[in-house]
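Quick note: numbers below take in every heavy atom, side chains included, and nothing from hydrogens, waters or symmetry partners.
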Amino acid sequence: MGGPGIGDHDGVLQAALVSSVGGNGKVVLLGGAAGAGKTEALQGIARQARGQGVLTLVAAAGGAGRATPLGLLRRLLTGGELPAEHLADALRLLEPGPEPDNFLAGPAPGELSPRSRKGLADLVLRVAATTPALIGVDDVDLADEGSLQFLLYLVRRLHRAPILVVLTESAGRRVLDPRFRAEVQSLPYCHRLRLRPLTADAVAALLTGPDGQAPAAELVADHLRICGGSPQLLAALLEDSRNDGGQAVAGEAFGRAVLTCLHRSAPRLVKLVRALAVLDEPAELAVLGDLIDTDVWSATRTMQEADETGLTVEGRFRHPRTRATVLESMLPEELAALHERAAAVLHEAGARAAATARQLVAARRLLETMPPGEPWRLPVLLTAARQAADQDDPRFALECLLLADEWCTTDDERVAIQLQQVRAHWRVDPSGGRAGVAALLAADRQGRLSSRAALELVLFLLWLGKVDEAIEVLGRFVGTDTTDDSPDTVMALYSTVAQLHYLYPEVSKPTDAEAEPPQSRIAVSTLRRAYQQAVGVVETLLRSRPERLVADAERILRLSPLDETTFGPVWVSLELLLLAERLDRAKSWSDTLQQSAQARRTSTWSALFSAMRATICLRQGDLAGAELDGRRALALLPIDGWGVMLGLPLSALSLAYTRRGAHEETAALLRIPVPEAMFRTPIGLQYLRARGHHRLALGHAQDAAADFERCRDLCQRWRRDTPTALPWRGDLAEARLALGDRHRAQELAQDQLSRLGPDNTRTRGITTRILAAASDLTERPALLRTAIDQLQASGDRLELVRAFADLSEALHALGDETQARLMMRMFDRFNAAGEPAGEPFDGNGSGPANGSPTDLSDAEMRVATLAVQGRTNRQISQQLNVTVSTVEQHLTRIYRKLGVRGRAELLELPPDLRRTGC
C-alpha cells in the first residue's frame with residue numbers, strides 16, 4: 001500500500017473507504033473548503049486502492065472544462081486503468097450516432113444517447129464484476145453536463161456492484177447541478193464527508209523527520225499559523241522551507257498554492273478575499289458587504305468560508321505573502337477600480353480620512369491618469385495629508401498631496417498644497433522640495449503667502465543656500481504693517497532672523513528684528529517661555545563663551561520637544577555642548593535626539609544627528625564610530641538633499657579617513673560637488689579644515705596652509721573666532737611647521753592657548769602638543785606631559801596617542817632611552833584601541849598578564865598613566881585632586897587587573913599587551 005500523503009486527515013478513514021470496494025456499491029461526496037485537501041485525500045484513496053489491486057479510474061473535472069463535451073468521461077476512461085479491450089468498446093460508445101428507434105431526435109450536443117449511456121454503464125459494471133473498481137472525480141461541481149448525466153445514471157445502478165465512487169466538491173461554491181446533488185444524496189448508499197483543517201498533531205506528524213525526531217512546538221505553531229490547517233498550503237510551505245533549515249517560509253510554491261485555492265473557490269469568496277486584500281485592515285461586515293455587493297449575512301458566511309480555506313483568520317490574512325499574491329492575481333485596471341470602489345464605500349461609511357485616502361492613492365499608482373471624480377475626494381486627501389504629517393508619516397502625506405495637487409482647481413488651493421508638500425519633503429528628502437520652494441517664492445512675491453508660511457519659506461531657502469532670496473522674503477517684515485502680531489508669529493520671526501544670522505554670519509540682520517520680542521507680546525505659558533529661551537540661545541552664543549552656556553543649553557534640550565519650530569534652537573544647543581567640549585553630554589543628547597527623529601520618521605533630522613555624532617566621535621578619537629556615523633548620515637539623504645549642510649558629514653568623514661590614512665577614500669569624498677553658498681556658512685569652514693588636513697597629510701603643506709588661512713580670514717571677518725569651534729591657529733601652525741617655519745608655528749600655538757579657557761582641555765591639549773613640536777627639544781618633554789594630562793582628561797584617545805608618540809620621540813632624541821621606550825609602550829597600548837586581545841603575557845615569573853588597559857576604569861587609567869610617567873603617589877593625588885589613599889587603592893586594583901606586583905613591573909609591561917577598546 002502507498003504511504004499517507006499530505007491530504008491524509010485520517011488514514012483509517014481512507015482505509016475503510018478502500019476496503020468497502022469489495023462489498024456493496026458506495027458513493028461518497030467529499031466536501032471542504034478550497035485547499036482543505038480534497039484532491040490530496042482523493043489521491044491518497046487512489047494510492048491505497050491500487051495497492052489492493054483495485055481498478056482505479058480517477059480524473060479532475062476542472063481540467064476537463066465545462067465546455068468540453070463529455071470531457072470528464074473521456075478523461076476517466078483514458079486516464080485510468082481500463083483494460084485495452086474494454087477501452088476500445090468504451091470509446092466507440094462515446095462516438096455520437098443516430099438512434100435507430102428514434103433517428104429524428106438524436107441526443108443533445110455533449111450528451112450520450114440513451115443506448116450509449118446504458119452500454120457504457122453495463123461495460124463498467126461488467127468490469128467491476130471481476131475486479132473491484134474505484135471511480136474518483138475531483139471537483140465534480142466543474143464537470144460538463146453530459147458526464148454528470150452518465151455519472152448519475154451509473155450511481156443509480158450500483159446496488160451490490162463492488163464500485164466505490166468518490167466525488168469531491170468545494171464547499172460554498174454551489175455550482176453543482178442541484179438535481180444531480182439531490183439525486184445522489186437520496187441514494188441509501190451515499191455518504192457526505194467534510195474535511196476539516198489539519199490539527200496541530202497532524203502538522204507535527206508531517207513535520208517529523210526521517211529519524212522520527214518530533215519537531216519543536218514553536219515550529220509546528222508557525223506552520224499552522226501560516227497555513228491555517230490547509231493541507232494544500234502546508235504542502236507548499238514545506239516545499240518552500242526545504243532550503244531554509246526547515247523554518248516556515250512562504251515563498252513561490254506557497255504563492256502558487258494560494259492561487260490554486262482562489263481558482264477552486266466560489267466567486268463570492270474570491271471577491272471577498274480581494275476586498276480584504278485591497279482594504280488591508282479589518283473592516284465592518286457592512287462595509288465588506290457593500291464592497292462585494294452582498295448583504296451582511298452573506299458576507300459573514302463568506303468570511304467563515306475564507307477562514308476555512310486557511311487564507312484568512314477573522315478578516316486578516318494569515319501571511320503577507322497571501323495578500324501580495326491576491327493583489328498580483330488582478331489586472332491593474334481591475335485592481336484600481338476596486339480601490340476606487342473601496343474609497344467610495346469607506347467614505348460613505350464615515351471611515352477615517354486616512355483609510356479612504358489610501359485607497360485613492362493606491363488606485364492612482366496603477367493608472368496613468370485619474371480624474372478627480374466626486375467632490376468629496378479632494379478634501380479627504382487634504383485632511384489625510386494633515387493627519388499623516390501630525391502622525392509622523394510624511395511619505396504618505398506626500399502621496400496624498402501629490403494627488404491633491406493634480407485635482408486642485410484654484411491658485412490658493414495650490415499654494416496651500418505646495419507648502420504642505422515642501423514641509424513633507426523636508427522631513428524625508430529636501431531635494432524633492434526644490435520645485436515647491438520656487439513656486440512658494442513666486443507666490444510670496446505675489447503676496448499670496450501668510451506671514452507664518454513666508455517665515456517657513458525663509459528656512460527652506462537658507463538650507464538651499466539661496467540667501468538673497470531669503471533676505472528678500474524677510475524684507476516684508478521690516479518697516480511694514482503687513483505681518484500679524486500674534487505671539488507665535490513674533491516668536492517665529494525672532495527665531496528665523498537669529499538662525500539666519502547664525503548660519504550666514506556675514507548677513508546683516510534687519511534692524512527691526514534686532515531686539516528680543518517685547519514681553520507684552522508673548523504669552524506667559526511655560527511652553528512659550530521655554531521656546532523663547534530656546535530661540536534666544538543663538539543670540540547669546542554669539543556674545544558669550546560656549547562653556548558659560550552649558551547649563552542653559554541642557555535646559556533648552558530638556559524643555560524643547562523636537563519639532564519643526566524648535567529644531568533650530570535645539571541644534572544650536574547641541575552644537576554648543578560640542579564647542580564647550582562636553583563631548584559625553586553632547587553624544588548622549590545626540591543619541592536621544594536621534595531616537596526622537598527616528599520615532600518621527602524624519603530622515604533629514606536623523607541624517608543631521610548622525611553627522612553631529614560623527615563629529616563628536618571624531619573629537620573623542622573614535623575613528624570607527626566617526627566613520628560609521630558619517631556613512632550612515634550620507635546614506636540617509638541623497639547628496640543633493642543636503643543643501644549647504646553637506647559639509648557636516650563630508651568634513652567629519654574626511655577627517656576620520658585622513659586620520660586613519662585612508663587618503664583615497666578622503667579624496668573621493670572631497671570630489672563630491674558642494675554648494676558654493678556653503679562657504680558662506682560655518683559649515684564651509686569645517687569643510688575647508690578637513691580638506692586642509694587631507695592636503696597636509698599628503699605633503700601639500702602650502703595648499704593646506706591656504707585652506708587654513710581662508711578659515712582664518714572668514715572667522716575674523718565674521719567675528720566668529722572661537723578656537724573650540726575652529727582651531728585654525730593650531731591647524732595653520734602644523735602647516736607652518738611642515739613648511740619649516742617653527743617661529744610662526746610657535747606664535748600661532750601660543751596665541752591659540754591664550755584664547756582658551758581652563759575647561760577646554762581637548763583643544764588645549766592638542767595646541768600644547770603642537771607648541772611642543774615648535775619649541776626647542778629640551779622644552780618638549782614638559783610641554784608634552786602637560787598635553788598628555790589635558791588630553792587624557794578630555795577623552796580624545798587619538799590625540800593622546802599622538803602626544804605619547806611625540807614624547808617618546810623627544811625623549812629618544814635627548815638620550816633618555818628608558819623613558820622613551822616607556823612612552824612608546826604607552827603609545828602602543830592606546831594605539832591598539834579596537835584590536836583583538838593578544839595572547840596572555842608571561843611576565844618572567846610575575847605570572848600571566850591576565851588584564852589589559854581596557855579592564856581599567858577611567859579613574860584607574862588616569863592614575864596608571866601618571867604612574868608610568870614616574871609621578872609619585874602624592875603628585876598624582878595633587879594633580880587629580882584626590883587623596884593619597886585613593887591613589888593607593890587605585891594602584892592596588894590596577895596591579896591586580898594587569899597581573900603585576902608593583903610599579904617596577906607596571907613599567908615593564910610589553911608593547912604587545914593589547915587593548916580591546918577604551
For the backbone of R802 and the side chain of R769, can you confirm whether one donor and one acceptor N or O come within less than 3.5 Å of each other?
no

Would you say T724's side chain and L579's backbone share a donor-acceptor pair under 3.5 angstrom?
yes

Centre-to-centre under 6.0 Å for Y657 and H693, is that the case here?
no

Would you say that E734 contacts F708 through its side chain, given a criterion of any heavy-atom pair below 4.5 Å between the two side chains?
no

C711 vs D731, test: side chain to side chain contact (heavy atoms under 4.5 Å, CB included). Steps then yes/no.
CA-CA 10 Å; C711 289; D731 299 333; over 6 Å; no

Taking L791's backbone N and O only, do any of them form a donor-acceptor pair with S794's side chain (distance below 3.5 Å, no angle check)?
yes

Do other residues, nucleotides or ligands put more than 12 heavy atoms under 6.0 Å from the CD atom of E747?
yes

Over all atoms of both residues, closest heavy-atom pair of S610 and L636:
OG-CD1, 4.0 Å

Note: T761 and A793 closest approach over all heavy atoms is OG1-C, 4.3 Å

So, Q746 side chain and I770 main chain: donor-acceptor pair closer than 3.5 Å or not?
no

Sidechain-backbone polar pair: T602 side chain, Q598 backbone, donor-acceptor under 3.5 Å:
no

First locate atom CG of L771, then atom CG of L753, and finally report the distance between them rounded to the nearest 0.5 Å.
6.0 Å

Does the pair D721 and R729 meet the rule for a salt bridge (charged side-chain N to carboxylate O under 4.0 Å, His left out), with working shown?
CA-CA 10 Å; D721 199 355; R729 291 174 180 83; 2.5 Å; yes

May I ask you to check whether over 12 heavy atoms, not counting those of E817, lie within 6.0 Å of atom CD?
yes

Under 3.5 Å, side chain of T566 to main-chain N/O of P561, donor-acceptor pair present?
yes

Residues D707, R689; criterion salt bridge (charged side-chain N to carboxylate O under 4.0 Å, His left out); working and verdict:
CA-CA 7 Å; D707 278 337; R689 181 172 186 257; over 6 Å; no

Is the shortest heavy-atom distance from the side chain of D584 to the side chain of Q620 under 4.5 Å?
yes

Got more than 12 heavy atoms from elsewhere within 6.0 Å of CD, Q702?
no

Please step through salt bridge (charged side-chain N to carboxylate O under 4.0 Å, His left out) for the pair R613 and D591, ending with a clear verdict.
CA-CA 8 Å; R613 200 177 191 282; D591 291 342; 2.6 Å; yes

Honestly, is R710 close enough over F679, meaning NZ or CZ under 6.0 Å from the six-membered ring centre and within 45° of the axis?
yes

Taking the side chain as C-beta and beyond, is there a heavy-atom pair between L608 and M612 under 4.5 Å?
no

Is any side-chain heavy atom of L669 less than 4.5 Å from a side-chain heavy atom of L634?
yes

Spell out, as yes or no, whether a donor-acceptor pair under 3.5 Å connects the side chain of T767 to the backbone of T763.
yes

Is there a donor-acceptor contact under 3.5 Å from the side chain of R742 to the main chain of A774?
yes

Counting distance only, does the side-chain N/O of R632 pair as donor-acceptor with the main-chain N or O of A607 below 3.5 Å?
no

Apply the test salt bridge (charged side-chain N to carboxylate O under 4.0 Å, His left out) to residues E627 and R660: give CA-CA distance (whole Å), side-chain angles for both, the deciding distance (0.1 Å), then the verdict.
CA-CA 10 Å; E627 292 180 18; R660 188 164 58 82; 2.6 Å; yes

For side chain to side chain contact (heavy atoms under 4.5 Å, CB included), just list the numbers for E799 and R659, CA-CA rounded to whole Å, side-chain angles, deciding distance to a tenth of an Å, and then say yes or no.
CA-CA 10 Å; E799 290 294 340; R659 294 284 188 252; 4.2 Å; yes

Do other residues, nucleotides or ligands put more than 12 heavy atoms under 6.0 Å from the CG atom of D776?
yes

Under the side chain to side chain contact (heavy atoms under 4.5 Å, CB included) rule, what do L685 and W718 come out as? Steps first, then yes or no, please.
CA-CA 12 Å; L685 301 186; W718 298 343; 3.7 Å; yes

Is L814 close to P781 at the side-chain level, that is, under 4.5 Å between some pair of heavy atoms?
yes

Decide yes or no for E709 and L732: does some side-chain heavy atom of the first lie under 4.5 Å from some side-chain heavy atom of the second?
yes

At their closest point, which heavy atom of S654 faces which heavy atom of T666, and how far apart are they?
O-OG1, 3.6 Å

Check whether any side-chain N or O of T681 sits under 3.5 Å from a backbone N or O of I683 as a donor-acceptor pair, and report yes or no.
yes

If I compare all heavy atoms of A652 with all of A614, which pair ends up nearest, and what's the gap?
CB-CB, 3.9 Å

For the student: nearest non-hydrogen atoms of Y687 and I672, plus distance
OH-O, 4.4 Å

Taking all non-hydrogen atoms of both residues, which atom of R712 and which atom of W728 are closest, and how far apart?
CG-CH2, 3.2 Å

Heavy-atom side-chain contact between F609 and L562 under 4.5 Å:
yes

Go through it in stages, so that I can follow the logic: the residues are L739 and R736, the test is side chain to side chain contact (heavy atoms under 4.5 Å, CB included), and I'd like the CA-CA distance, side-chain angles, deciding distance and then a yes or no.
CA-CA 5 Å; L739 292 170; R736 300 314 303 176; 3.5 Å; yes

